[in-house]
Structure formats: C-alpha cells, structure tokens
Amino acid sequence: MGARYVFVTGGVMSGLGKGVVASSVAKLLQLSNQKVSCVKIDPYLNYDAGTMNPVAHGEVFVTEDGGECDMDIGNYERFLNQDMPRSHNITTAQVYSSVIEAERGGGYLGACVQIIPHVTDEIKSRLRGIAGGEGLDTLVVECGGTVGDIESLPFLEALRQMRAEEGPRSVAFVHVTLAPSLEVVGEQKTKPTQHSVQELRRIGIQPDYLAVRCTAPLEEKTKEKIALFSNVARQDVLSCHDAPTIFQVPQILYDQGIVGSLLTKFGKVGLVDSAAGWDGWNRIVGSLAPGAGERRPPARIAMVGKYVSLADSYVSVNHALEHAGAAAGARVEIDWLDSEALEGRAAEALSGYGGVLVPGGFGTRGAGGIISAAAHALASGIPYLGICFGFQLAAVAFARHELGMGGAGSTEMEPDAADPVVCLLPGQAAGGGTGGTLRLGACDIELEGGSGAARVYGSTSIRRRHRHRYEFNNSYARRFAEGGMRFTGRSGGGRLMEVLEVPSRRFFMGVQYHPEFSSRPGFPEKAFEAFVRAAAAAGGGAPAPGAQPIPEIS
Ligand code: GLN
C-alpha cells in the first residue's frame, strides 16, 4: 500500500497556527513509528520566500540544500528533528514555471494547457514524488492561505482529486478554524467554523477532522454543535486551545484521540506508540515550557537588528536561544533593540545586558548602530555573538576601533570604502537580480584545532547553512590576526572565512553561517549554547575586559 496523506487546510482567517497543527500531527505519527515528512504549499506568486520582507512575512528559512523557504519549514524541522529539502516548499510560481517550461518544450503534444488537468497534475505529481521518493508512510501537506482565496483554488482542487484517486483510506483532511469567545457572554461561537466548512465543501472537500483554535478548551456542547453542522464526527472535532508552548500541541491533540482515529482510518491498527520516543519528546517539551526556567539564573540578551518590529522575523534565532537556555541552565531574556536607534549611544543602551547578539541583515539602514554595538562589546568585554551580517560588521568594528582603520567598511554599504574588509570576492558577480543569487545552503567548515571555536563545537569540522553575498576580505586576515582577531573557521578550501574570534575577550565570536537553522529542541547549536553560558555568567553588569577564553562546553 502506498503512502498516506494528511492535508491541512485553513479557514476563517490567517495566523491560526496551521503550521503548528501540521507539525503536531506529523510529530504524533512519527512518535507512532511512522516515517513522515511535511510539505508547505504557499499559493503566492513569489518563486520562493527569498525576496520577501521578513518584517511582513517572517523569517526566510534556509534548508540544507539552499532553499529559501517559508518559516513553517523551520517548524517542521524543529518538531520532527529532521532536515527538509527545498522541494518541501511548493509555490504557485514553481508549479506554473514547470508547466510553462513543459509547454514551451512541446511536452503537451498540442493540447490546450489548462489549470485542470495540467496545473493540478503538476501539483499532484510533486506531492507523490516526495512521498514515493522518500519512502514515506505519511506525508503531511499544509496548504497556506485561507479557504476561499483565489490563489489556493488550484491547490485545493489538486488535493480534492488526490482523495478521489488515492481512496478515502489513504487521505485525511484536517481543517483548522476558530471558535472565538465573546467576552461579554463568554460563549464559544461556532458560526465562523460552520461557514468555513461550508466554503470547503463548496469546492468538494469534506473535512475528516476539525482543529478548532480557541482560548479555553472547547466545551462539549460547542463540539457537538460544530459536529452537527459540519458533518464531522464529534470525537474528530478537536479542541486546539492556547498552550504555554507550541510543543505541547501534539499532546493536546493526542489526548483527544487523533492518533488512534487516524491510524484506524488508514488501516494501520495495531501500531503502537514509541514509548522511548515519547519519553525523549516529553523531556524536551518540559525543558522548554515557560516556567521551567524560572529558577534558572538569567541570561539577559540584547538582540540588535533591523527587523525587530515583527516577532517572526528572527524566529529561528529566538528558538535557538531557547534551546541553548534549556541546555545551559539559564533563563534567556531577550530584548530587541532597533539598530537604527543605537548609533552613538550603544554603551548606554547595552548597559545591564549579559550578551549582545546581532543576527543576519541586509543593507545600509541600521548598519552604523550594529557597528557601534560590536565596538562597545569589544571595548567593554560584554559577550558578543554575530551571525552573518553580525560577523561582517564585527570585522568592520574591529578594524575601525581596534586597528585604527577609520576607512574600513563593507562594500555592501560603502562601495568606495578605503579599506573594504568585507566585499564581493573576485569572480563573484555583482547584480544578476535578487532572487536566488546569494550564497545559499550548507557546506563543510574546518575549524582550527585548539581554537575557541573548536572547543565550543568539540570538533574541528562542522556543517552549517548560509545565506549571504559578501565575504570577509582575506587580504586583511594577517593585520587582523596581529591585532588580536583570529579567523578560526574556513570553508571553500580555506578561501572563505567562516568564524572570527577575539581570544582576549571573555566571548567574542562571529559566524558567517547561520547557526540558528541547525538548532533543534533538545539539541542546541553549540555557538548559541556557549554564548548563552557566557551571557549568564556575565550577569547584568558590563564586565571588565578580561583575558578569559571562550568557555568550554562538555
Ligand atoms: N548582507 C550581508 C550579505 O549579503 C549579510 C547577509 C545576512 O546576514 N544574511 O552578505
């Protein structure tokens, strides 16, 4: 028997947490010894998320194979502790590009090319290709957007066809809706859910499960009413109430019997939960639950960046800090500081923090504030972790403030910098459009034996993901080393600088790669863990510059 499919659709409004429901269902199947994976369908017309503004759409998540994806892919990776290839994020543009390319290549033998069947066939063949190619028991597919959107229609039609073709025992639809509570009467309202199911049925899809978002657990009488109007069995109307952490959602769904019900539907009765898997998962969930860290010492971290106005724009960095805090026994407290407001007043703004973290970023706006923050960390000894842009601007700050190179800069902001310490390397083409032209995806990195970085990672070779264009200019490496900044991680046969550190400081580290994409609950990325330990040890006050090495991680 072939793969089974769980299709997760959304109703009522966006932002209800379809991604968390999809990840949770997949996690439950994984804990039942099923080989699972997830796909996110994004019905927008961008080819991928790479060109989208993180403040409007949330972070761009980068996969091992260099896909610039929707941030839900990051949720899947964190829930399942499993890498997702870029093919698991399907957009309208990708589907249409393939169809148009096939048409131009004469692939349709003179047929009139249409949404049904050609576009829907392409969608189905991508999903079947993933499930078959990866030998999955079940593929969970989340369809972005809300039922009724024009853009999602071809996708929902393809999913409808798949149920007809694969048979009802191979496909389950989970529809995510909302039951708002009116404050005055305190009653859970079912009408939005009823309308949303009607809309779904209008396009030929009868949901098998309803995951109903609500603040307090769904009352029995609300479940009954929804069941009656939506033709979904009462036990399959699932309360998806607010949880202290998203990682508790699998348990909430499990307690309502979704696993038994799904496996019975799929004819997989007799499958047992993996007790060892649940033990490990529960331990991780417990360590990340709010309150778990209440008695831990604080690590107060200032996150300095340009995209601080939307919580989702650095979502993987936030998660990575949480994973690190749980492992380091610290309560991580993050304040986001807008880099634009920091220029010239970094010392004042950063006082009281145990650590400064600069995540990735692009462009001129706010760069000056980041350089001030890095310079302040160098001067005061406050632990610093710079990621990508934070690595590059740490090098600029070091050149200007420690090496006396007043004209040092990155050519991204200053094309005519007297000392271009960060620039495009020879052979790197300028221009060529913005989509998919960055250095993307994972590569192997060699760490210098005996360096702080090698101690942090407990290894001299790691593999990490990238998303950037500019590089440290190697011709300055010697001057930097003489001044006390060492480049202790390299890739590309030694050509590309990946890690910088200043051994005379308590913790000053920059990484050109993005460590946040490699951090998973229970398996923190080691640079984050070392940084959080250093920040917790530094406490709130700015410590004096000392000659302490980067702390060792066991
Ligand atoms: N803007 C820098 C570059 O393109 C850094 C990118 C990033 O931080 N992701 O190289």
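For ligands, and for the atoms within them, numbers begin at 1 and follow the listed sequence.
- Checked by distance only, ligand 1 and F389 come closer than 3.5 Å through their nitrogen or oxygen atoms.
- Here the protein heavy atom with the shortest distance to atom 7 (C) of ligand 1 is C388 SG, 3.0 Å.
- Salt bridge annotation for R467-E68: present, with a cationic side-chain nitrogen under 4.0 angstrom from a carboxylate oxygen.
- In this structure, H514 counts as a contact residue of ligand 1, since one of its heavy atoms falls inside 4.0 Å of the ligand.
- Under 4.0 Å from ligand 1, the heavy atoms of R467 that appear belong solely to its backbone.
- Paired with R520 under the rule side-chain hydrogen bond (donor to acceptor under 3.5 Å, both in side chains), one option of E525, H323, E77, Q82 passes, and it is E77.
- Between I387 and ligand 1, a contact under 3.5 Å exists for no N or O pair.
- Here E412 has side-chain heavy atoms under 4.0 Å from ligand 1, and that is the only part of it that gets that close.
- For the pair E64 and R463, the salt-bridge criterion is met [side-chain N within less than 4.0 Å of a carboxylate O].
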Passes salt bridge (charged side-chain N to carboxylate O under 4.0 Å, His left out), E448 versus R486? Steps please. CA-CA 10 Å; E448 202 177 293; R486 293 172 56 205; 2.5 Å; yes
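- Side-chain contact between Y476 and P420 is present, with heavy atoms from C-beta onward closer than 4.5 Å.
- Looking at L127, D48, D42 one by one, the single match for side-chain contact (heavy atoms from CB on, under 4.5 Å) with I90 turns out to be L127.
- Near Y470, the atoms of ligand 1 lying under 4.0 angstrom from a non-hydrogen atom of the residue are 3 (C), 4 (O), 10 (O).
- Among all non-hydrogen protein atoms, the one lying nearest atom 4 (O) of ligand 1 is R469 N, 3.0 Å.
- Looking at atom 5 (C) of ligand 1, its nearest protein heavy atom turns out to be G361 O, 3.3 Å.
- Taking CE of M84 as the start and SG of C69 as the end, the distance is 11.0 Å to the nearest 0.5 Å.
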